A.B. asks: 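Before anything else, here's the structure in question.
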Amino acid sequence: MTVKSACPMRPATEPCRRPLTTSTQVVLLGTGAPGPDPARSGPATAIIANGTAYLVDFGPGVVRRAAAAYHKGVTAFGAGVSALRTVFLTHLHADHTAGYPDLILTTWIMGRKRPLEVYGPKGIKAMTDYVLRAWKVDIANRLSGMERAAASGYGVNAHEIMRGPIYADRNIRVTAFPVNHGEMKDAFGFRFETADRTIVISGDTAPTPTLIENCTDCDILIHEAYSEQTYRRVSRKWQAYRRKYHTSSRELAELANRVAPRLLVLYHRANPGGGVAAANPEDALLNEIRDLYKGEVVTGHDLDVL
Ligand SMILES: [Zn+2]
Ligand SMILES: [Zn+2]
């Protein structure tokens with residue numbers, strides 16, 4: 001999907017700031033949650049700025065979704081996803097990190113010659129070390145055997161981040177801000193600023209003032225949410241969990257009304273429990289938000305390009 005029009009539902013008293021036709025692209029690689037939904041890979045989002053790909057989160061399926069995007073024309077990933085080098089991680093939950101060995105090893109095997117640069121919460125260095133140790137037989141074989149993969153490529157420079165500016169190059173500036181993800185203490189959202197767009201990704205969070213502070217004047221807000229419809233169908237225990245860890249449709253609509261992003265994109269949509277076979281129509285969430293928020297809002301799907 002390519003979004004061409006901006007703010008068609010905005011009241012006439014609130015003009016759009018500028019048209020949504022830009023060179024920076026957002027590629028949704030994984031819009032799912034922990035449930036293994038074949039249509040929705042684990043959370044992963046790419047921002048393409050000035051022809052360079054930047055990845056946020058590496059849920060299961062990330063490399064194959066990036067390869068699919070490459071075949072759709074997003075050439076910044078490179079053949080075999082070997083051009084992807086700069087990565088940001090919101091938090092260490094498995095649905096956001098289970099693609100890590102794939103991300104490190106497959107892109108190296110397919111030709112990446114420089115280390116990955118990974119920026120994530122405290123604990124990402126240890127996770128990186130464990131992954132490389134777990135695959136040490138494969139790595140040694142590829143370095144010394146007939147494949148002779150580039151020794152410079154399998155390494156990872158893992159950077160443990162704090163709130164504030166965490167990365168900048170000639171294409172993009174990245175700011176991390178803490179979010180409110182229950183007992184998962186080190187959880188971040190990210191604000192990306194390019195020459196033509198500001199993009200904010202919530203990561204996993206209950207409503208938090210830091211999101212509002214960082215999305216002021218943002219072009220695209222990519223935010224997780226659960227519907228009231230699914231909330232009513234889970235047990236009291238899981239209702240309490242949702243209130244502490246995640247954001248309801250009503251809460252997200254209230255937040256969107258405050259920050260007025262030019263486009264709100266829904267991802268990481270909770271199911272009603274009982275596995276992915278349980279009905280979870282995406283319209284339920286979308287309609288609940290549209291009842292309370294009149295700006296432009298869409299449900300994200302894997303391989304959407306915004
Ligand atoms: Zn999480
Ligand atoms: Zn998650």
Side-chain angles (χ1 to χ4, degrees), residues 26-47 55-63 65-66 87-103 118-124 126-128 160-161 163 176-191 199-208 210-211 214 221-227 230-231 234 237-249 251-252 255 264-276 278 280 282 285 299-302 304:
V26 176
V27 185
L28 303 181
L29 296 176
T31 58
D37 183 345
R40 295 182 179 275
S41 253
T45 308
I47 294 167
L55 179 68
V56 185
D57 288 344
F58 28 87
V62 58
V63 176
R65 283 291 199 262
V87 182
F88 304 92
L89 176 65
T90 59
H91 64 299
L92 291 167
H93 270 155
D95 52 320
H96 299 251
T97 55
Y100 201 22
D102 193 17
L103 178 66
V118 180
Y119 300 81
K122 188 171 183 294
I124 187 59
M127 180 179 278
T128 304
E160 295 192 338
I161 61 173
R163 68 189 301 164
F177 55 91
V179 294
N180 181 13
H181 195 30
E183 287 117 341
M184 180 58 100
K185 291 302 175 203
D186 289 306
F188 292 95
F190 294 119
R191 174 183 169 98
I199 298 148
V200 172
I201 297 179
S202 68
D204 287 7
T205 185
T208 172
T210 56
L211 196 293
N214 282 276
L221 171 60
I222 302 167
H223 204 293
E224 66 123 277
Y226 63 84
S227 67
T230 60
Y231 178 83
V234 299
K237 174 192 153 190
W238 286 110
Q239 287 180 344
Y241 160 81
R242 287 195 184 192
R243 291 196 301 273
K244 190 165 182 176
Y245 276 73
H246 295 290
T247 300
S248 73
S249 56
E251 291 165 336
L252 180 53
L255 185 151
L264 172 62
V265 181
L266 310 175
Y267 85 141
H268 199 287
R269 184 170 50 103
N271 71 25
V276 295
N280 183 24
E282 64 183 41
L285 176 62
T299 299
H301 300 95
D302 288 21
D304 281 353

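The structure displayed is predicted, hence computed values, not measured ones. Just so you know, ligand 1 is whichever comes first in the structure, and atom 1 is the first atom listed for that ligand. Basis for what follows: all heavy atoms, side chains included, without hydrogens, waters or symmetry-related copies.
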A.B. asks: Below 2.8 Å, can you find an N, O or S atom of His93 next to the Zn ion (ligand 2)?
C.D. replies: no
A.B. asks: Rounded to 10°, how big is the angle at the Zn ion (ligand 1) from His91 NE2 to His181 NE2?
C.D. replies: 100°
A.B. asks: Charged N to carboxylate O under 4.0 angstrom, Glu251 versus Arg243?
C.D. replies: no
A.B. asks: Is it true that Asp302 and Arg65 have a side-chain N and a carboxylate O under 4.0 angstrom from each other?
C.D. replies: yes
A.B. asks: Does the pair Lys244/Glu183 count as a salt bridge with the N-to-O cut at 4.0 Å?
C.D. replies: yes
A.B. asks: Name whichever N, O or S atom of Asp204 ends up nearest to the Zn ion (ligand 1).
C.D. replies: OD2
A.B. asks: Output, in order, the C-alpha distance, side-chain angles, deciding distance and verdict of ring-ring contact (aromatic ring centres under 6.0 Å, His included) for His246 and Tyr226.
C.D. replies: CA-CA 7 Å; His246 295 290; Tyr226 63 84; 7.1 Å; no
A.B. asks: So, 2.8 Å as the limit: is an N/O/S atom of Glu224 located closer than that to the Zn ion (ligand 2)?
C.D. replies: no
A.B. asks: Starting from the Zn ion (ligand 2), look over the N/O/S atoms of Asp95 and name the nearest one.
C.D. replies: OD2
A.B. asks: Taking Tyr267 for its side chain and Ala225 for its backbone only, find out whether a donor-acceptor pair lies under 3.5 Å.
C.D. replies: no
